[in-house]
Each structure stands twice: as structure tokens, then as C-alpha cells.
Amino acid sequence: MTDRPAHAVATAVADRLAHPDGAPAEATADTNRQHLAFGPTGIALLHIERAAAGLAPWQRAHDWLAAATRQPFTRGPDSHPFYGAPALAHALACAADHLPGSYRRGLGLLDQQVAADARWRLDAAHRRIDAGQLPALAEFDAIRGLSGYGAHLLRRDPDGPVTRAVLDYCVRLTEPVTQDDERLPGWWAPTGPSGRPDDRFPGGHANHGMAHGIGAVLALLALSARRGTTVTGHHQAMRTILAWLEQWKTTTARGTAWPYWITRDELRAGRLAPCAPLRPSWCYGTAGLARAQQLAALALGDTSLQADAENALLDALTDPAQLRATTDSGLCHGLAGLIHITARTAADAAPANAGQLRATIPALLTVLLPPGTAPDTAAARLLEDEAGAGLLDGAAGTALGLLATDSAEPPCTAWDACLLTA
């Protein structure tokens, strides 16, 4: 399937989600209303991007934002970057960038709330570090933690005191911790990947993911450095994370890949336990980590590291075993996420790799959208999938990923800032 039909499917999805009143019930259900991943704010991002690109009217975006704000939003400790006031702040900021003066008062109040929430979380994190305790994943990750807050603050107040305080925290997170006479990386979590105690992870784990692990911290440090905002120890912190990833990279039939996490037993043994090929997704795996490392390489001016990161993504995209493990459509761990990361990585890649990366997209599209499928049929299938209509796993996010196939230009809006891919 060519780029144009992919664009037609994205349009068909957007048309079927044109107004909240005609959308699937779960998209506007109160249980999802405050979720960027599942609810109206995430779906609004699709309409904001298309309106900013001149492909659709702004009224669609306004209607979805209005649906999100019919009731007050959660703030404070019960909110996080993908839930409550910070989630709404992200969507409004994407719209306000292209509609000067719109949403000014509401966005200003939300920015203040995000900064206050980040301050509260930073205070708790530093108290935890001072006590010599290990972090919860939700302290620092992209979905629930300070990396996600940092992504928003970096856009809205790139050199502000709270932004810099988040970066200071990220640097401190890379300092090692000693627990039970063992030296652990500062991001070692005492739980399983779910954030809860898990018998499969005695002694906890080091999480590599972009959604819930150190990949998000590396990406935030890299993105801020590329924007000219750095703090003491900034580059060394990136180097510390990169050295850890270098230590634990593995070799597949195609080339380089990274595990989702490291267990205490693997740490003690100094080697990975055998496992089946892993899907190279945004949330976990080689695709997200390759993008984070490419961003770090660009920030550090390290052309060798940049080539390694770009080649690792190429390896994953041409490895049948890894691709067979990718069975979903969405942004988080599916084909749309791979397409979007590939397009983003190609846009920043060395010329020799950029074309090769973009050349892998048609094959991904063929799997996601089998040739001969009518756009309306494909859109209906995406919306009828159990993943729903939302941003992270559902049809709106898939449509945004499909828009990435249309040109080498970046998205018109910063909708993917919440993913820390740009």
C-alpha cells in the first residue's frame, strides 16, 4: 500500500471520529474522559494535527476538547502526564501553538498546575534519594512520572526553574545506589515492570522502556540538550545511561537489539537469560531505545553512536523474527508506533541511513493495511478493534502514525512530545 492510501485511512478514521456524539461509547465514557491514552484529549490530538496541517476544520478539535472539559480535571498527586490536568495541558498546548490567543487563560492555569505538581514530585523524589531508597517506576517514567512532566515543561518553559529542576533530578537519578551490598543503577526499581511486587522479579529490575523506564530519561536529557537547556552533569548523565545500554545490548540474527529490562539474577551473572525475539516497539524494545540513543548522539555530537542507533533500528525493521512479534496496530507497541519512530528517526538520520529507514515503511504499511483494503473498511476495522478509538493503542493514534508516511516533514504539531520521540 502506498503513502496516499495510508493518508486516506487516516482521513477516514478522523471522519468517523469527527464529533464526540458519533464516536464509540468508550471514547467519551467518564472512566476514560481524563486519559490522554484512551479519551477525548488523545483523540483531539488527531484533529489538532490535521487542522494545523490544513486538512480539516479546527471545529473538530474544539468539539473534542469541549467534551473533555465538561467536568473538572483531576490535579495533584492523583494526576500524571497521561491523566488529568497534565494530559489536558498537553492537548491544549498543541492547539494553542497554532491558534495564538486561543485557550490562553486555561492553558496558563494548567501550566501553573503542572509546574506545581512537578515540584511536589521532585521534593518527594529527592527525599527518597536522600533516604537511600530505590525509585518506583512511576517516579521517573514518561507515562506517570517526571520524564513526562519534563517533556511538557521543556515545551512550555524550556529554560524555566522547574524544567531545570526536573533535569537536575534526572542527573541525580543516574547516580548509583548500594542495596544489600550490591551496586545498582540509580533507576533500579524494587518491583516488577507493573510497578508492583512480582515473584518473577526477586530483587527488582532495571527497566529500559520509553514508557516506563530509563529510555524516557535519556530521551528527555537529549531533547533538552538539543534545545540548549542543560544542567550540571547533564552530558555525563546521558553517557552513564548510554554505557549501561551498551553493556546490555544483545545480538540478533540481524544485528543489535536491547532487552526490555535487566533482572537481579542477570545483573549478578553479568549476562542475559535466553529469550525469544522481542517486538521492537515504542514502549519497550529496540525501536524506542534506538530513537532515544539517536537523540542523545545528536546532542553529544557523537557520529559513531548515531550510526549505531540508526543501524539498530534498521536491524529491527528488517528482522522477520522481531517483526512477527509485532501484532498490534497502535502507537504504543504496534505498527503505527514503528512507522512513526522510523519517520522521526529518518528525518534526523545521516543521509546514508535516512533513505534506508524510510524504505522500510511500505512493508510495515502492507502489514498494517493489506493491499486492496478500502479506506473506510480499514478505518472501521481499526475502530472496532478492542484497543478502541484512543491515542496510545487505538485508532486515533494509528491514524497519527499513518500521517507520518506522507512526507519527510515532521508533524505540524508537537503531539508526540508526550512520547519523548521529538
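Bear in mind the structure is a predicted one, so any value in this text is a computation, not a measurement.
Between Tyr169 and His126, the ring planes lie perpendicular to each other; the angle is over 60°, past the 30° to 60° tilted range. Taking the six-membered ring where the residue is Trp, His205 and Trp261 present perpendicular rings, their angle passing 60° and hence far from 30°.
The residue from Asp416, Thr398, Thr405 that alone fulfils the side-chain hydrogen bond (donor to acceptor under 3.5 Å, both in side chains) condition with His340 is Asp416.
Contact check on Asp63 versus Arg60 returns no salt bridge, with no Lys/Arg side-chain nitrogen under 4.0 Å from an Asp/Glu carboxylate oxygen. A salt bridge is defined here as a Lys NZ or Arg NE, NH1 or NH2 lying under 4.0 Å from an Asp or Glu carboxylate O, and Glu139 with Arg128 meets this definition. Here Asp348 pairs with Arg226 in a salt bridge; the nearest charged N to carboxylate O distance falls below 4.0 Å. Look at Asp308 and Lys249 and you find no salt bridge, because none of the NZ, NE, NH1 or NH2 atoms lies under 4.0 Å from a carboxylate O. Taking 4.0 Å as the cut-off between side-chain N and carboxylate O, Arg279 and Asp319 do not count as a salt-bridged pair. Comment: Arg239 engages Asp302 in a salt bridge, judged by a side-chain N to carboxylate O separation of less than 4.0 angstrom.
Between Tyr260 and His208, a ring centre-to-centre spacing not shorter than 6.0 Å is recorded.
Asp78 and Tyr83 share no donor-acceptor pair across their side chains, judged by distance under 3.5 Å alone. With no hydrogens or angles considered, no side-chain donor-acceptor pair links Thr41 and His35 at under 3.5 Å. Looking at His80 and Asp117, their side chains never bring a donor and an acceptor atom within 3.5 Å of each other.
The shortest side-chain heavy-atom distance between Thr342 and Leu317 falls under the 4.5 Å cut-off. Counting heavy atoms from C-beta outward, Leu242 and Leu300 have side chains that approach closer than 4.5 Å.
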Derivation of the side chain to side chain contact (heavy atoms under 4.5 Å, CB included) call for Arg33 and Thr28: CA-CA 6 Å; Arg33 182 181 64 84; Thr28 55; over 6 Å; no
Yes or no on side chain to side chain contact (heavy atoms under 4.5 Å, CB included) for Cys412 and Arg50, after CA distance, side-chain angles and deciding distance? CA-CA 8 Å; Cys412 292; Arg50 296 187 75 247; over 6 Å; no
